[in-house]
Amino acid sequence: MSVAEKLRNKYVELKKILEDLERLKNDWQFLAQFKSPVEFVDWFKAYVDPLLSLQYEIGAYWIQNADVKNVIAWLRQGMWNEWAANTVITRSVTEYRDLIDTEFMNVLAQQISDECRHYYIRSKVLKMYGGSMEGFQPIKEWVDLFDFPLQCAARRREWPYFQVKLTSTLQVVELTSVYHHRGVHDYFPKNPRLWEPPYREASQLFMETFREIEDDELFHWSIAERVWMKYAKDPETRAEILDCASGALRASMEARIKRVELAERHAI
């Protein structure tokens, strides 16, 4: 059984969490029980923790079994992801600027800057491994994932719900990325094939730069926490959060497992 198959089986076992989130977004009595936005945020993170832990496992299991061609395939999709994330945020603060709380414009601008830097970092590492973006076509599941934030936010183009729904998609994806990249980073040194000449310097750069990326992704997730802390004060807003967050979690799980599956086959 391949790594991707093992991970997909684990994901099937955890799908009930996503089904529960879909159900709970319509249960306003449940959503009214939280006394504060802080209590709601803490509940959400605890409830989805098994899915986040699986994101860590996806990264850890994959990197332990990867060869250099796997890493090149993974990095190619990763570069496209940075571009796609940047595009979503840039469109949000330009095309929908009247629906974005000005309090959060500075942190969204910081995220745009971060995504650009991440694109450069990944491109440098990719080149050191001997890879390039020539002939690259993004995985459909990742295209769908980065189409989803504005699709979900557009379900309610009014203040403050557009902002709330937007950050409940893209920033939740960033939270899954934190765990996924931690898994890759923690287990990268345990794969001797990636430290053999002539790739040792590329692997060292991978380790150094991806810790930086993890830290940035944690900051990006904090944008959602700040928005939720400000607006998640009633069942209606909490329902809108779960509407987009559950979809983002589902899409990110499908996309990451597909990425591992294709990377194993050197098919990215």
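Side chains included, hydrogens not; waters and symmetry mates left out as well; all remaining heavy atoms used.
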Residues K258, E261: salt bridge by 4.0 Å N-O rule: yes
Over 12 non-hydrogen atoms of neighbours within 6.0 angstrom of OH in Y187: no
Heavy atoms of other groups near Y47 OH, more than 12 under 6.0 Å: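 Yes, OH of Y47 has more than 12 neighbouring heavy atoms, counting only those of other groups under 6.0 Å.
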Taking only residues two or more places apart in sequence or in another chain, which ones pass side-chain hydrogen bond (donor to acceptor under 3.5 Å, both in side chains) with [X]?
X: K25; result: E22, D243
X: E236; result: R156, Y161
X: D234; result: T237

Within the 6.0 Å centroid threshold, strictly below: Y119 and W80: no
Centroid-centroid distance, Y56 to Y179, less than 6.0 Å: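 No.
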With H185 via ring pair (Phe, Tyr, Trp, His ring centres under 6.0 Å) - residues at least two apart: none
Listed once per pair and sorted, the ring-ring contact (aromatic ring centres under 6.0 Å, His included) pairs that draw on residues 243-268, sequence neighbours left out: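 Residue pairs passing ring-ring contact (aromatic ring centres under 6.0 Å, His included), neighbours aside: none found.
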Axial cation check for W228 ring with R238, 6.0 Å and 45° limits: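 Geometry flag: not set, cation outside 6.0 Å or 45°.
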Note, L99 side chain near R157 side chain (heavy atom, < 4.5 Å): yes
Sequence neighbours excluded, every pair satisfying disulfide bond (SG atoms under 2.5 Å apart) that has a member inside residues 225-268: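 Counting only pairs at least two positions apart or across chains, the disulfide bond (SG atoms under 2.5 Å apart) contacts touching residues 225-268 are C152-C244.
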